[in-house]
2 protein chains.
Amino acid sequence: MGAKRRRRVMAQLDQAAQACVRAGAQMTDLRRTVLRLILEAEGPATAYELLDRLKRTRKGAVPPTVYRALDFLMAQRLVHKLERLNAFVPCAETGHQHMAQFLICRECGTVAEIEDRAAARALEHAAGREGFQPRHTVIELEGTCAACSHPASG
Amino acid sequence: MGAKRRRRVMAQLDQAAQACVRAGAQMTDLRRTVLRLILEAEGPATAYELLDRLKRTRKGAVPPTVYRALDFLMAQRLVHKLERLNAFVPCAETGHQHMAQFLICRECGTVAEIEDRAAARALEHAAGREGFQPRHTVIELEGTCAACSHPASG
DNA sequence: ACTGATGCGATATAACATAACATATGGCAT
DNA sequence: ATGCCATATGTTATGTTATATCGCATCAGT
Ligand SMILES: [Zn+2]
Ligand SMILES: [Zn+2]
Ligand SMILES: [Zn+2]
Ligand SMILES: [Zn+2]
């Protein structure tokens, strides 16, 4: 089970590297490592959690080390920041631009990235009516996920 | 011009106090003062900005003092937190429950609270499809406001 | 070689938020 | 009146998240 997942992570890293080439951006060792740590994480990872893991292989890593990598990865749309959690997750749909939307479960901590076009359109229109040009949109729904709603039936 | 605004703030404070009574919540001096500081602020106010102002009249105020008041005011839906800015604004539409939506201008810092029912419905439906029950939703559009988009025509 | 852009190292500090325990107050049952 | 509980706030300390700034190395274009 671990092997399959590792292969998937590797494939995602390669995809990400190719996307960077296409965008004229440099996927360095550091950035690739931080992205790998995020991909390998079970859920959202905070900057300092990533830093701790990064330190295992990169002795001198300090906060700016990881924040710089995160800034790059966010600019490339390879990862998203969850503002409610101050934590980072891989983009579930890299490659095409989208208005990321998240469902964050308070019970189990699970985060799901969804993409509801109707909601995105509605917000774009609402902004347009105000003459507002959105550059970055945060949409995070915090509550109870399906699994945690059901009283463990079975 | 200042007098008019002060009267409006006072009216808002009284409304807020009444809402608290209806909700069985205690609008204490401290909480009222923090709400007043938020209402008087020109724009979004951070917790530490509020703390600094609070200290002028409440000598021993420390971070927990203001964070507790903010927690109360948020629970009463009298203020919102802007997650992108770690800052607080008064609710523009107190009294009726709503999915707050914000337009945050990067240029001038202006924040507008809007309420687009179509977007809210779409997100509720999207969550429902996933079996997710939202309790709190963050919607923040960051970009350029109408005033800042126009090259100062005149 | 010179220059500018980028990536990263390294140190320090700023900004944001909470834990944990103490004290005060008021309502209420005995 | 006394004891008890809940709520609000005081108090001290700490934890967590993020940035500023300066320096060095590399590399591409000139
Ligand atoms: Zn995404
Ligand atoms: Zn859950
Ligand atoms: Zn509101
Ligand atoms: Zn503006």
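Every chain is numbered from 1 and lettered A, B, ... according to where its sequence line falls, protein lines coming before strand lines. Quick caveat: nothing in here was measured; it's all calculated off a predicted structure.
- Nearest heavy atom pair, residue A/L70 against residue A/V79, reads O-CG2, 4.5 Å.
- When all heavy atoms are compared, the tightest approach of B/F102 to B/V111 is CD2-CG1, 3.8 Å.
- Classification of A/R58 and A/D29 as a salt-bridged pair fails, no side-chain N sitting under 4.0 Å from a carboxylate O.
- If you measure from atom CG of B/L73 to atom C1' of D/dA8, you get 14 Å, rounded to the nearest angstrom.
- Ranked by how close their nearest DNA chain D nucleotide is to the 5' end, B/P64 and B/T28 are led by B/T28.
- Here the P atom of nucleotide D/dT7 and the CG atom of B/D71 are 15 Å apart, to the nearest Å.
- B/T137 and A/E142 share no side-chain donor-acceptor pair at under 3.5 Å.
- Looking at every heavy atom in both residues, A/V34 comes nearest to A/L73 through CG1-CD1, 3.9 Å.
- As a whole-Å value, the separation of A/M27 CE from C/dC8 P is 11 Å.
- The side-chain hydrogen bond (donor to acceptor under 3.5 Å, both in side chains) test with B/H98 singles out one residue from B/E113, B/R77, B/E115, and that residue is B/E113.
- Near DNA chain C, defined here as any heavy-atom distance below 4.0 Å, the residues from residues 29-55 of chain B are B/T46, B/Y48, listed numerically.
- Under 4.0 Å is where a charged nitrogen must lie from a carboxylate oxygen, and between A/D71 and A/R31 no such pair does.
- What you find for B/P44 and B/G109 is that their closest heavy atoms are CD-O, 4.1 Å.
- The distance between atom CD of A/Q26 and atom P of D/dA25, rounded to the nearest whole Å, is 18 Å.
- Within 6.0 Å of atom CZ in B/R6, 12 or fewer heavy atoms from other residues, nucleotides or ligands are found, so the atom counts as exposed in its surroundings.
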Between N or O atoms, less than 3.5 Å apart, protein on one side and nucleotides 22-24 of chain C on the other: list the pairs.
none

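- One finds a salt bridge joining A/R5 and A/E42 here, because a Lys/Arg side-chain nitrogen approaches an Asp/Glu carboxylate oxygen to under 4.0 Å.
- Protein atom CZ of A/F72 is 11 Å distant from nucleotide atom C1' of C/dT6, rounded to whole Å.
- As a whole-Å value, the separation of B/L70 CG from D/dT9 C1' is 15 Å.
- Taking a 4.0 Å limit (strictly below) on heavy-atom distances, residues 79-89 of chain B reaches DNA chain C at B/K81, B/N86.
- In this structure, the separation between SG on A/C20 and CD on A/Q15 is 11.5 Å, given to the nearest 0.5 Å.
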